[in-house]
Amino acid sequence: MKVLVVGAGGREHALVRALARSPQRPEVLSAPGNPGIARDARVFDIAVDDFDGIAELAEREDVGLVVVGPEAPLVAGLVDELAARGRAAFGPRRAAAELEGSKAFAKEIMAAAGVPTAGWTAVDDVDAGMAAIERYPAVLKFDGLAAGKGVVIATGEAEAREALQGFLVERRFGPGLVVVEEYLEGEELSLLALCDGERAVPMAPAQDYKRIFDGDLGPNTGGMGSYSPVAGVDAQRAAEITRLVHQPVVDELRRRGTPFHGVLYAGLMLTDAGPKVIEFNVRFGDPEIQALLPRLRSDLLDLLSRCTTPGGLAGAELEWDSRWAVTLVLASAGYPQSASNGDVISGLEAVPAGVEVTHAGTATGPDGAIVTAGGRVLNVTALGRDPAAARDAAYAAADPITFEGRQLRRDIALRAVERSR
Ligand code: AMP
Ligand code: GLY
């Protein structure tokens with residue numbers, strides 16, 4: 001069977017590698033892929049928004065399953081287009097993908113389904129936004145796709161006004177509303193569940209690091225590192241959270257005639273009053289999935305295929321390696337405000353056995369060298385029998401991989417190490 005992974009980032013590279021490990025021995029294709037993916041899959045130079053191109057490729061190659069990685073083509077209806085042409089695809093259709101496409105829609109679904117989340121108001125002008133803020137810190141979120149950068153935690157009035165101005169007047173991410181949200185305190189958890197339209201089956205828990213600098217300082221990024229599992233969140237606790245959060249959403253969307261097939265990613269805050277949803281994503285977390293997939297012992301291809309049919313996950317149980325996984329993100333100079341392209345990357349040849357290096361933002365330079373091509377450049381994932389061993393192995397593998405202006409947080413999974421002592 002052939003499987004086609006749509007996308008060009010570290011998430012898609014991790015998916016390509018995990019699918020290639022399937023005992024079904026699929027042939028893995030990718031569009032557009034990247035230079036790292038090209039080593040593990042047959043790549044086609046077709047952009048993720050070229051729906052005709054992707055559908056034609058799937059037909060021409062008789063692809064058995066298309067796996068859509070990023071949110072943008074999901075929100076724009078790629079799965080609907082493939083379904084119309086009779087192609088099985090992993091990921092929600094457009095209507096269900098609105099859970100990520102619009103924060104206001106996600107809040108409405110949560111209210112209808114009784115899912116705990118931060119209190120909120122949607123506003124369309126700066127003064128209304130200022131009036132909606134009850135206390136600081138205040139959370140201001142652009143109501144559309146913004147690549148992880150549409151959230152500002154304002155500590156005071158000046159900062160809040162500037163953020164509202166940027167979203168609503170300067171339209172940094174295009175036209176759209178702003179959601180003013182209650183600030184939640186606690187520890188964050190990423191819990192992803194595979195969904196077959198009827199049922200939500202949790203994956204192992206993970207945590208990611210959103211800020212650019214050590215100690216959780218600086219602006220938000222798409223994610224600078226991750227680890228799995230998470231102390232205190234065993235399989236039973238993950239199942240409880242799934243019953244509280246993911247399953248009611250799946251039930252609500254099914255009731256509305258827009259069932260959710262794919263992966264539902266809940267970004268949660270574990271507050272004193274229980275878990276509350278910060279955001280939903282309708283695709284695998286990046287870089288969480290880079291830490292999760294090397295621990296997955298079940299056949300990913302089988303699981304993703306089963307998500308495409310109503311009730312297909314009946315009886316599914318995911319098996320996980322008991323070891324810990326730590327993923328480090330190597331980012332380019334200037335990230336997250338900008339990205340530095342064309343910096344030559346050295347040290348990629350000497351990756352130790354058992355360490356997975358996935359490409360996120362790389363390109364092949366004129367002389368064949370691998371160069372930076374984006375904010376997040378590479379991901380390095382290592383496994384270890386405890387958090388310290390996984391962390392040490394990840395840094396030992398990442399340190400020799402260098403390029404001009406490389407940014408690498410030094411404190412990824414430190415919290416897990418401290419807790420395991
Ligand atoms: P989001 O893109 O919605 O996940 O937000 C990015 C990050 O901002 C989250 O991972 C949190 O660290 C922080 N954040 C978002 N919403 C809240 C909230 N209501 N309370 C506290 N922190 C938040
Ligand atoms: N790691 C955060 C995200 O994928 O949105």
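Starting from 1, each residue takes its place in the sequence as its number. Remember, it's 1-based here, ligands and their atoms both numbered in the order they're listed.
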Q) F90 and F284: aromatic ring centres closer than 6.0 Å? A) yes
Q: Number the atoms of ligand 1 from 1 as they appear, then name those within less than 4.0 Å of a heavy atom of I278, with their elements.
A: 3 (O), 4 (O), 15 (C), 16 (N), 17 (C)
(Q) Could you check whether S420 and D386, counting side-chain N and O atoms only, form a donor-acceptor pair closer than 3.5 Å? (A) no
Q) Does K210, backbone or side chain, put an N or O under 3.5 Å from an N or O of ligand 2? A) no
Q: Ignoring hydrogens and angles, state whether a donor on the side chain of T221 or K210 is under 3.5 Å from an acceptor on the partner side chain.
A: no
Q | pair F280-V245: side-chain heavy atoms closer than 4.5 Å | A | yes
Q. Considering only protein heavy atoms, which is closest to atom 5 (O) of ligand 2, and at what distance to one decimal place?
A. R283 NH2, 3.1 Å
Q: Determine the minimum heavy-atom distance between R323 and P229, stating which atoms define it.
A: O-CD, 4.0 Å
Q. Would you say the side-chain atoms of N281 and E71 include a donor-acceptor pair closer than 3.5 Å?
A. no
Q: Would you mind telling me if ligand 1 is within reach of the side chain of L184, the backbone, both or neither, using heavy atoms under 4.0 Å?
A: both
(Q) Distance under 4.0 Å to a non-hydrogen atom of I153: what atoms of ligand 1 satisfy this? (A) 13 (C), 14 (N), 22 (N), 23 (C)
Q.
Counting only heavy atoms, tell me which of V277, L268, D216, N220 gets closest to atom 8 (O) of ligand 1.
A. N220
Q. Is S226 in contact with ligand 2, taking contact as a heavy-atom separation below 4.0 Å?
A. no
Q. Does K276 come within less than 4.0 Å of ligand 1, judged by its heavy atoms?
A. no
Q: Mark up the atoms of ligand 2 that fall under 4.0 Å of a heavy atom belonging to D208, in ascending order.
A: 1 (N), 2 (C)
Q) S190 near ligand 2, heavy-atom distance under 4.0 Å? A) no
Q: Check the surroundings of atom CD in Q236: do more than 12 heavy atoms from other residues, nucleotides or ligands lie under 6.0 Å from it?
A: no
Q: Work out whether the distance between some heavy atom of G223 and some atom of ligand 2 is less than 4.0 Å.
A: no
Q: Verify whether one side chain among E288 and S190 offers a donor that lies under 3.5 Å from an acceptor in the other.
A: yes
Q. Does E185 come within less than 4.0 Å of ligand 1, judged by its heavy atoms?
A. no
Q: Calculate, to the nearest 0.5 Å, the distance between atoms CD1 and CD belonging to I133 and E181 respectively.
A: 12.0 Å
Q: Report yes or no: does a heavy atom of R11 sit under 4.0 Å from some atom of ligand 2?
A: no
Q: Would you tell me which option among K210, E188, E100, K103 has the nearest heavy-atom contact to atom 11 (C) of ligand 1?
A: E188
Q) Do any nitrogen or oxygen atoms of V151 come within less than 3.5 Å of a nitrogen or oxygen of ligand 1? A) no
Q: Could you tell me which atoms of ligand 2, counted from 1 in the order shown, lie closer than 4.0 angstrom to a heavy atom of P287?
A: 1 (N)
(Q) So, taking the atom named CG in D196 and the one named CZ in R199, what distance separates them when rounded to the nearest 0.5 Å? (A) 5.5 Å
Q) Does any N or O atom in E279 lie less than 3.5 angstrom from one in ligand 1, N or O only? A) yes
Q | Per-atom contacts of ligand 2 with G222, taking only distances under 4.0 Å to non-hydrogen atoms | A | 1 (N), 2 (C)
(Q) Give the atom numbers and elements of ligand 1 that come within less than 4.0 Å of a heavy atom of V139. (A) 16 (N), 17 (C), 18 (C), 19 (N), 20 (N)
(Q) Which heavy atom of I153 sits nearest to which heavy atom of E159, and what is that distance? (A) O-OE2, 3.4 Å
Q) Which ligand 1 atoms, with their elements, are less than 4.0 angstrom from a heavy-atom of M269? A) 21 (C), 22 (N)
Q: Test F403 against every option in T362, L348, V344, I345 by the side-chain contact (heavy atoms from CB on, under 4.5 Å) rule and name the one that passes.
A: I345
**Q.** Per-atom contacts, ligand 2 versus G285 - under 4.0 Å to a heavy atom
**A.** 4 (O)
Q. Parallel, tilted or perpendicular for F142 and F173, by the 30°/60° rule?
A. tilted
Q) By number and element, which atoms of ligand 2 are closer than 4.0 Å to a non-hydrogen atom of N281? A) 5 (O)
